[in-house]
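To keep things clear, I will list the structure first and then write my remarks on it.
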There are 2 protein chains.
Amino acid sequence: MIGVAVPRREDRRLLTGAGTYLDDLDLPGCYEAAFLRSPHASARVLAMDTTAAKALPGVIGVWTGRDLADLVKPIPPKVTNPKLYDVPRYPLPPEYARFVGEPLAVVVATSRHIAEDALELIDVDYEVLPAIASTGAALAPDAPSVHDEVPGNVAVHLTQTAGDPETALATAPHRLRERFVVARGGGHSMETRGIAASVDRATGEIVVWPCTQSPHYTRNLIAYFCDVTEDEVRVVVPRDNGGGFGPKAQFHGEDAVVPYLARLLGHPVKWIEDRSENFVATMMERTQVHDVEVGFDDDGRLLVVKNVFQHDQGAYCAGLQVPTITLSTLPGQYRIPNIHTELIACYTNMVPTSSVRGAGRPQAVVAMERMMDRIAEHLGADPAQVRRVNLVQADQFPYQVGLTFRDGSPLTYDSGDFPALHEAVLDRFDYAGERDRQRAALAEGRLVGIGLGAYVEGCGLGPYEGARLRLRRDGTVLVTLAATPLGQGYETVYAQIAADGLGLDMRHITVATGDTASIPFGQGSFASRTTVTAGSATLQAARRLRERILDVAEVLLKTSAANLCFVDDRVCVVGEPDHGLTLTEIAQVANIGKHGITLPPGVNPGLETTSYFAPERAAYASGMHAATVEVDPETGQIRILRYVIGHDCGTVINPMLVDGQVLGGFAHGIGNALYEEPHYDAAGQPQTTSYLDYALPSAVEVPPVELVHLYTPSPLNPLGVKGAGEGGTIPVPATVANAVEDALRPFGARITSLPLTPAKIVAALTAG
Amino acid sequence: MIGVAVPRREDRRLLTGAGTYLDDLDLPGCYEAAFLRSPHASARVLAMDTTAAKALPGVIGVWTGRDLADLVKPIPPKVTNPKLYDVPRYPLPPEYARFVGEPLAVVVATSRHIAEDALELIDVDYEVLPAIASTGAALAPDAPSVHDEVPGNVAVHLTQTAGDPETALATAPHRLRERFVVARGGGHSMETRGIAASVDRATGEIVVWPCTQSPHYTRNLIAYFCDVTEDEVRVVVPRDNGGGFGPKAQFHGEDAVVPYLARLLGHPVKWIEDRSENFVATMMERTQVHDVEVGFDDDGRLLVVKNVFQHDQGAYCAGLQVPTITLSTLPGQYRIPNIHTELIACYTNMVPTSSVRGAGRPQAVVAMERMMDRIAEHLGADPAQVRRVNLVQADQFPYQVGLTFRDGSPLTYDSGDFPALHEAVLDRFDYAGERDRQRAALAEGRLVGIGLGAYVEGCGLGPYEGARLRLRRDGTVLVTLAATPLGQGYETVYAQIAADGLGLDMRHITVATGDTASIPFGQGSFASRTTVTAGSATLQAARRLRERILDVAEVLLKTSAANLCFVDDRVCVVGEPDHGLTLTEIAQVANIGKHGITLPPGVNPGLETTSYFAPERAAYASGMHAATVEVDPETGQIRILRYVIGHDCGTVINPMLVDGQVLGGFAHGIGNALYEEPHYDAAGQPQTTSYLDYALPSAVEVPPVELVHLYTPSPLNPLGVKGAGEGGTIPVPATVANAVEDALRPFGARITSLPLTPAKIVAALTAG
């Protein structure tokens, strides 16, 4: 079944409105919570009076951070570094607010509207403090401190070096430098965040239904805040989840507060984030500032790249994944003997940073790919040719980049064929023909440009993911995954993988996800990691279950397993389809014990297998995009005339679903390239807090795409797969920016800031 | 920790009233069910009018068997045989009632008293049919049929033969025959049956809290009746359970009806059996009639035993375990070259038969041990000596009895030392001295007698049992068992076993049981099987988890596992107690993945191990009891003057708990010997339906006991254990009956019917 475009099993219910999302859960009598959020980017809470709020009819309770001393424990960063200057992030900080939207108190009431009315009655006396709202402001010599304990506001400063970049820069025949400012938006999932919790009064179990990408991570942190063992918390992710894209892999303060209060009250409590809250309180990516310098020879061959960048970590470090990914993504598909890549992550008075689809890679790709075009421009060479001479070659894998991965191991690309991918995309794009058409258009006075953008994506990361397979009483196989889907089609894909591992038609296979009671350990769905990890675990567990089933069948059928095969839902002797047993019959013996008071000698009971797959290092997906754009010099509007995506994620389990991921990712990339920017003013007040202010692309804004696939299996996992969830997004800003600058080249206009809003285009034309 | 008398972890909560039983569960707004039960032993329901009942305020609904067509599916017998004439047993039979107490309709109301009031309003038109209320009546030539499809009322007729019993009988120097009528009572657990169910409105899961000995068996049958897969049903046995003793291992009709209605109504429903219902509707053992004939030589050496017995199966066959156990228990500790053992199981109009502690063995032991005394009497020999010459010798193990076990394998005793046990008991009893004292008492005109009784008990049966061990985030190990305790102290015993397997102090170990969501397969706690099966599974899983933990530690500590040991909750290098890691730290790496995005090479994640242990055949516990009694010839009252129990259940995990089992079993045996008999009149009306009519022994009736232990480990499991739950019960009726007949020997009175009520003693004295 691997490689077959099986229709998604999820679609019928989703398309008929029968999906089950968090807010669809029927929790009788459930209370609703609402959070009081800081209106200031930096403030000290001098006093908070909740008397009037508590007196409102329908209000069950009001708690400030000072009232919930059990919760004054820091939420640890998801990814950390020994050099991080960490500051505690509390679910409900008792004294200081560090960003607009930070929760400071919570109301629980019989309805959400009562809870929101009660918020209005809370009287807070704030001492407003100076705020930092950009990395530039954070790093200014006289900048106030976001946290007193971190003067200078640098959360972490990391440098990686390969070769001797300073000497190489000093001696390179050609040098170019530029500053790129790259903004990225938030996750903007259709379904906002939310969490419901209840204490099972019969068992004492705290049952939590979160909108999360990481059920076990959420469980472990709730257990930590409620001071119970993880077995006393059951996290059940609702069957459907309206998108994640990164922020839902984070643990936000509300995720601790709601279960804690459900337990305190002995009553179900729910909180569904509204869209206004989502804009200010859900983690996001924001702006990075890249100072990049390259040295190269007359052929455009890279001799050295130096990239120093500022990363906005927000008010707390929820995790260092984004900037450390940026740090190591810079070299991309190119052989670069000397590299200097340097991260300065700053604390600012804005919501903390989360990974968002692409997770720090689009910014690095902008820095690298924009410079490839600048090299071509400088040499009067063709940008495709400049890339070609620099590409890592197909026979160089495993390729050691010269940098270090964030686990300390050498950064190593496992497999790929960048030249083949490059040529395949140019071929499909009809690059020469497109250049001819560009010249013809320019001759007509139209501003048409062509851009290329290549990337690698480290994906399929550990530490591990698990799968548990079980033969059920009815002869079907249940696949239980720890990871939970956000719409990717796990019920389909993992049934395909299990079908292959079992050698059984996938109609006998059901996939269940997201319930920590069903499989004890897991990480979650993020970082384009799940097909690699959970997919491999599923394959391993399925192969093992097949062996286990055949071991039982060989005893019962008195033959050797080598003579047995699956025919539909039966295990039969090869060539004797009438001589066999149904899977139900096998389950009856080995799992139910129907055979009687002893099992037939040789039968090992309990046909369930569990496998955890821990990849030794990241697999590297790669891709190359090519775009033709036309710019309207009057309005600054950008129209994408053509867009070709070349994509290599190794083995493809379900081509239709991979295409869906790539195209969805591309839409996200278009948002990053042209529209999305969470804007804060200098006082740290978010300015884009509704879809009137924040331009999220719709179907109208996303142009048609042509897709080219290459398949270089990863040697690091038994399926040969790599991640496919983010590749569509990563190079879009760089590719579009390259095309736009190419279109504006007659005016010498410089494109150094993303997204490419019409105002910026007009300004660039004016400056150029 | 194996062999240590660790105090029970359960006792604090039980002794302080903090136990959590089914009726303690807090299910908000729970409805309550009550059942309309047949007042007739055999009747056809011509019409049932529930209109008035439905109209009673507070009644949610009333359903007859005809209303719930989904439930008209037979409950399969728990143990069956190809020769069984099976008849369907329905949860709520739609047309025929076959015993008094059979549920025919159910009311669900907002309270139990309203539900019971509504029962009174149901108008039923019965056609009363002739009833059968004993095996004698069932087998009479002109007997009416309990079921039309089984004329003659024989459910199953099974014979087992070793050697040539007919020839041996014809040629034996001496022959004796007798008929023994042996009644047994019910389980009479302090907590009656009960079940509560609820549909989790968030997940759709049917959650069921039953008072059961077999959570997975219950889950599977509920799934069958609700027509869902077993994963859609979660059975959680409340933490505490007020006794089982056999009947709670059965699936009764109410167990299907209550979850079905909870699902139908989308609302929690509970039914707690009241004591009146328990007397008529909970399965029980009742009377067996044994015709036994022995042939022997001048030394009392057994040449042949023939035993033909009638077993009362009740109105349906819930399982054939009781009579088939009787069938194979007969030979006991003796070498018998020729055996004929024959079962005639009859349908009668009484509640079906369940196993009850001892499960068919006490009856076989009465037949065999009473005849050993008769042989001694016939030869003028000492009963101890007659036994001695017949005992299987210590060097004869594994000993093949010559019969077949019910799985078709040769009936084989694994280990034991019957002569040593025999002598140890006689020694402790001071047998010769006791005989002297008996003679002195007889000389004084006191009716004092001595009785012996020996048995073997096949225990530790399969098909299998499982255990799952997991290292938790806090460094403790959670042991999850499929089997659920009925008061035996699993939280203590399995922590001891796991501690031994892990090499870890048991304070770091927690035991959880009875939740089908935590381990997918299991059988249950019955038939003295769990320490053998779940104990071995726990040991295996613990040893494997220790290896897995050390595998991780050897990577992290950069040494070999051979150099590592547990010190408290740390894994340390041997001889370097400061060089180590806590179990929490190991869990953080291998289970949480805290190490980062890749695991250290060589670390296999997911420190959880699952083991299922399937014994190849039964282990045989054995025992020998000795009693001195005095009979008051005026009142027929029996006073037990001394009682010595010799007990061999192989390795003992916790001597205090084994002693508790033996003494509790002995109390049960005293009930069987002297007091308990569920009496039905000839029309099938139960006559003993309260503790005013039914004599259950209390502490006052149970005499002091002296205990002697022998330990012959079983070679069939890694712990060497055998079952300990029933041995205290099994030989008590035979031993006491032997002693009483010995006391009455001066009068030549014959003891052939149990229990030994005063009326029977007086009658025997009058007849003798």
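Every chain is numbered from 1 and lettered A, B, ... according to where its sequence line falls, protein lines coming before strand lines.
- Nearest heavy-atom pair across Tyr464(A) and Ile592(B) is OH-N, 4.3 Å.
- A salt bridge does not link Arg470(B) with Glu230(A): every distance from a Lys NZ or Arg NE/NH1/NH2 to an Asp or Glu carboxylate oxygen is 4.0 Å or more.
- Taking each heavy atom of Tyr612(B) and Pro605(A) in turn, the nearest pair found is CB-CG, 3.7 Å.
- Neither the backbone nor the side chain of Tyr217(A) comes within contact range of chain B; no heavy atom of the residue lies under 4.5 Å from a heavy atom of that chain.
- Using a 4.5 Å cut-off between heavy atoms, Arg219(B) makes no contact with chain A at all.
- Asp231(B) contributes atom CG, which lies 8.5 Å from atom OG1 of Thr510(A) (distance to the nearest 0.5 angstrom).
- Within the 4.5 angstrom heavy-atom criterion, only backbone atoms of Glu616(A) (N, CA, C, O) approach chain B.
- Interatomic distance, Leu25(A) CG to Arg201(B) CZ, rounded to the nearest 0.5 Å: 11.5 Å.
- With a threshold of 4.5 angstrom between heavy atoms, Arg529(B) does not approach chain A through any atom at all.
- For the set Val603(B), Leu27(B), Leu478(B), the entry with the most heavy-atom pairs within less than 4.5 Å of chain A is Leu478(B).
- Taking chain B as the reference chain and counting heavy-atom pairs below 4.5 Å, the highest number among Ile519(A), Leu607(A), Leu22(A), Asn604(A) is found for Leu607(A).
- Between chain B and the options Ala223(A), Gly522(A), Pro615(A), heavy-atom pairs under 4.5 Å are most frequent for Ala223(A).
- Going from atom CD of Gln588(B) over to atom CG of Asn220(A) covers 8.0 Å, rounded to the nearest 0.5 Å.
- For the pair Glu608(B) (side chain) and Phe521(A) (backbone), a donor-acceptor distance under 3.5 Å is absent.
- Of all heavy-atom pairs between Trp209(A) and Thr203(B), the closest is NE1-CG2, 4.0 Å.
- The candidate with the highest count of non-hydrogen atom pairs below 4.5 Å against chain A, out of Asn591(B), Thr610(B), Asp474(B), is Asn591(B).
- Under the side chain to side chain donor-acceptor pair (under 3.5 Å) criterion, Asp414(A) pairs with Ser714(A), sequence neighbours left out.
- Residue Val199(B): no heavy atom, backbone or side chain, is found under 4.5 Å from chain A.
- Ion pairing between Glu232(A) and Arg473(B) fails under the 4.0 Å rule for side-chain N and carboxylate O.
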- Derivation of the side-chain hydrogen bond (donor to acceptor under 3.5 Å, both in side chains) call for Thr229(B) and Arg472(A): CA-CA 8 Å; Thr229(B) 72; Arg472(A) 297 195 284 193; 3.2 Å; yes

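- With a 4.5 Å cut-off on non-hydrogen atoms, Asp24(A) does not touch chain B at all.
- Contacts of Glu465(B) with chain A are absent, with no heavy-atom separation under 4.5 Å from either backbone or side chain.
- If you tally non-hydrogen atom pairs under 4.5 Å between each of Val236(A), Leu461(A), Thr476(A) and chain B, the highest count goes to Leu461(A).
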